[in-house]
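Please read the structure below before turning to the comments.
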Amino acid sequence: MLNRRLAKSKSNFITKRRKKLVPLYEILSPFFVERPMKNTNSMKLTEAKFVTSAADYRKCPPPEKPEYAFIGRSNVGKSSLINMLVANKNLAKTSQTPGKTQLINHFEINKSWYLVDLPGYGFAKAPKAERDKWGEMIGEYLVNRENLICVFVLIDVRHEPQKVDIEFLDFLGEKEVPFYLVFTKADKVGSVTAEKNVESFKQTMLLSWTQVPQYFITSAERRTGRDELLKAIEELNLSFKK
Ligand code: GDP
């Protein structure tokens with residue numbers, strides 16, 4: 001059984017909101033303290049296969065492998081990013097119909113970890129009942145899935161900080177769900193604008209958080225950030241305890 005608490009304490013995730021100070025060792029490890037990075041090359045992806053779609057975390061595959069969930073506003077570029085990561089154009093379906101009922105999709109990577117494609121949030125036009133259903137399904141999954149090591153929250157780097165993204169991060173903070181940020185579509189803006197928007201996002205986060213978490217600037221189009229993301233996952237896999 002995964003000791004999620006242990007995995008968290010060894011990570012450099014920011015899981016606490018402002019006023020509850022995060023001990024420095026939690027922020028700096030594991031990259032400095034626990035163990036040296038042995039392998040500087042990124043993970044080789046040999047196999048990626050679809051496992052299940054579930055509407056309930058209790059129906060997800062047995063929690064025997066470390067798991068990483070990807071989520072963001074609809075159209076943020078999540079499917080493109082997942083397909084770029086696993087080097088498969090069709091693993092995750094791109095441009096799904098906004099608001100349509102979606103599920104918790106599990107993919108098994110290298111027979112050793114799960115990549116989870118979660119339905120996007122922020123459908124202003126979706127009926128309230130639909131949004132409530134989404135909230136319940138995803139909320140329960142995020143809070144209760146014991147092998148969930150980290151949530152990768154995708155943010156479109158072209159935009160100013162969006163309220164719905166900040167609210168979602170606040171939810172993760174309240175529930176102490178570890179997360180990293182992944183800025184997407186970096187090729188659509190110049191690097192100067194990307195940096196400026198990331199800085200603006202960080203400043204907005206710092207209004208209610210003590211720290212900003214680790215983040216990645218990516219482009220599915222140019223495969224930017226792939227090695228860094230896979231390396232982070234590989235590193236976190238080492239902290240998984242059955
Ligand atoms: P999802 O709804 O979050 O799964 O988003 P998709 O992956 O379907 O992407 C939404 C739209 O953005 C599609 O038209 C993609 O081609 C486009 N897109 C996604 N990622 C990138 C990127 O890195 N660069 C560019 N230029 N377009 C992207």
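Position 1 is the first residue of the sequence; numbering continues from there. Atoms within a ligand are numbered from 1 in the order they appear, just like the ligands themselves.
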Problem - Least distance between heavy atoms, Ala232 atom then Tyr180 atom - result: CB-CE1, 4.2 Å
Exercise for the section: May I ask you to identify, for Val76, whether its side chain, its backbone, both or neither come under 4.0 Å of ligand 1 on a heavy-atom basis? Expected result: both
Exercise for the section: Please determine, by modelled atom types, if Asp156 and Thr184 share a side-chain donor-acceptor pair under 3.5 angstrom. Expected result: no
Problem - Heavy-atom neighbours of Arg222 CZ exceed 12 at 6.0 Å - result: no
Handout entry: Numbered atoms and elements of ligand 1 in range of Ser219, under 4.0 angstrom, heavy atoms
Key = 23 (O)
Practice task
Report yes if Ala220 has an N/O atom closer than 3.5 Å to an N/O atom of ligand 1; otherwise report no.
Solution key: yes
Completion exercise
In ligand 1, the atoms that come under 4.0 Å of a heavy atom of Asn75 are 1 (P), 2 (O), 3 (O), 5 (O), 10 (C), 11 (C)
Problem - Ring centres under 6.0 angstrom apart (Trp209, Phe201) - result: no
Handout entry: Non-hydrogen side-chain atoms of Phe183 and Thr218 separated by less than 4.5 Å
Key = no
Exercise for the section: May I ask you to list the atoms of ligand 1 that are less than 4.0 angstrom from any heavy atom of Ser80? Expected result: 6 (P), 7 (O), 9 (O), 15 (C), 19 (C), 20 (N)
Problem - Thr184 to ligand 1, any heavy atom closer than 4.0 Å - result: no
Problem - Pair Tyr121 + Phe168: ring centers closer than 6.0 Å - result: yes
Problem - Nearest-option assignment for atom 18 (N) of ligand 1, heavy atoms, candidates Lys185, Arg223, Lys78 - result: Lys185
Fill in the blank from the handout: Note: heavy atom closest to atom 27 (N) of ligand 1, options Lys188, Arg73, Met84, belongs to Lys188
